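To keep things clear, I will list the structure first and then write my remarks on it.
Fair warning: this is a prediction, and the values are worked out from it, not measured in the lab. Throughout, protein chains are lettered first and strands after them, A, B, ... in sequence-line order, and every chain is numbered starting at 1.
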Amino acid sequence: MRVRVQAEPFDYGAECGAFAAGRRDAGAVVTFAGIVRDDGGLARLELEHYPGMTERALRKIADEATRRWALRDCLVIHRYGPMVPGDTIMMVATAAPHRADAFAAAEFLMDYLKSRAPFWKKEFGADGTSWVAARDEDEAALGRWSGA
Amino acid sequence: MRVRVQAEPFDYGAECGAFAAGRRDAGAVVTFAGIVRDDGGLARLELEHYPGMTERALRKIADEATRRWALRDCLVIHRYGPMVPGDTIMMVATAAPHRADAFAAAEFLMDYLKSRAPFWKKEFGADGTSWVAARDEDEAALGRWSGA
Amino acid sequence: MIDVLYFAWVRERIGLPKERVDTSAATVAELVAELKAREDRYAAAFADISALRVAVDQELADFDAPLAGVREVAFFPPMTGG
Amino acid sequence: MIDVLYFAWVRERIGLPKERVDTSAATVAELVAELKAREDRYAAAFADISALRVAVDQELADFDAPLAGVREVAFFPPMTGG
């Protein structure tokens, strides 16, 4: 279980390869990458975070995933600072004996991380700057885990 | 939408990296890797397939995923032939504007590929050889997509 | 003439991966009945139809699928890819 | 004395990322009331509490959370990571 919060870019492919390499205890690896999407005129993005709390929140979410599912390993990397379209913002990876656990844990990590880890995106585009508003769907997505 | 069926090993990390690289149209990339798991005494695995039908079946499943979800891209790689614990058997990757589509499509691809693509695993272990039996859970998993 | 293919333990039980069969069977089920009547190894392989799957011209099919115009039929156990 | 931190548009509206506040507020809500009374920029930032989230000692909390023994309180909009 590893959590990294960093300004520096990371190599998603290399992280996926290292995460999956030589596993004999887990038949299933799932990864997710979040990429800065350009839907019309986004020049750049600034990702603010809350140093200290960010690491705590991510570790708590990863611990909870490890408690709920039969994970052999899990990894969360999240960047902060300036980014441009095409940049990889963050990734999660999970390893489990069976695919249902690996998928569920990865989706859980993403749902919680979206709405419970202290990151805020500011967009700089042709129409000026604006803070990205939280999406109702993201808050609603948390509901599906409350029964588990 | 790309499908590859091959005996040769492939580099999961490099495939993930290439799949995600430079996307500005998809904020979410999900990948899955299936790895030969050693749960006690597995020496090697032999993966038999049905040349011709395999490619057709995988392409049909990938087409269906592309039809159901807003995917920007999807990739399926599946090996056949001899493998040992720790080897990567197969992978899928999906790219979509939002993560719900990328996750759902990747799980759909895996569920269908497990039970509808013509592959058969034979295990060679300490207790002799045996054909892996299909799991009821895998067949049951298909049910969740029939309403979509 | 139809190409008949066998995979996994069906192939092992029958002892060959592929053969050309001269048949006038109208459906897959009739073809299975013809094959079972041939020899014990076929009877053994097809003993429990519920444990088998069939593909007709490389598409999954039912055992009552018609064989008119069909070039290739394959028998195999439930698939275990992924 | 409590460290009070502001993030995203709360930080921009108030005009600073962090300050030490000498307060005897018993709860987060009381601290908010004190801050709002200070200046317009605070009143503006805290105008709609439902649009804000609060963390107490780096854990998400409610606005009625007690402040006894607390070192750090942070105010920010709903999070948008991932």
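Across B:Ala20, B:Gly17, B:Pro97, B:Gly22, the residue that shares the most heavy-atom pairs under 4.5 angstrom with chain A is B:Pro97. When B:Gly27, B:Gly86, B:Cys16 are compared by the number of non-hydrogen pairs under 4.5 Å with chain A, B:Gly27 comes out ahead. Counting heavy-atom pairs closer than 4.5 Å to chain A, the top-ranked of the candidates B:Val92, B:Asp138, B:Ile89 is B:Asp138. Counting heavy-atom pairs closer than 4.5 Å to chain B, the top-ranked of the candidates A:Leu42, A:Thr88, A:Val30, A:Val84 is A:Val30.
Below 4.5 Å, heavy atoms of chain A meet heavy atoms from B:Ala106, B:Glu107, B:Met110, B:Asp111, B:Lys114, all part of residues 106-114 of chain B.
The environment of NZ in A:Lys122 is crowded: more than 12 heavy-atom neighbours from other residues, nucleotides or ligands sit within 6.0 Å.
Only the backbone of B:Val36 comes within less than 4.5 Å of a heavy atom in chain A; its side chain stays farther off. B:Ala26 touches chain A through its backbone: at least one of N, CA, C or O sits under 4.5 Å from a heavy atom, while the side chain does not.
Sorted by first and then second residue, the pairs that involve residues 15-32 of chain B and meet side-chain hydrogen bond (donor to acceptor under 3.5 Å, both in side chains), not counting sequence neighbours, are A:Thr31-B:Thr31, A:Asp38-B:Arg24, B:Arg4-B:Glu15, B:Tyr12-B:Thr31, B:Arg23-B:Asp73.
The aromatic rings of A:Phe32 and B:Phe103 sit parallel to each other, their planes meeting at less than 30°, with 60° as the upper class boundary.
Expressed to the nearest 0.5 Å, how far CZ of B:Arg72 lies from CZ of A:Arg37 amounts to 8.0 Å. For the atom pair CZ (B:Arg99) and CD (A:Glu137), the distance works out to 9.0 Å, reported to the nearest 0.5 Å.
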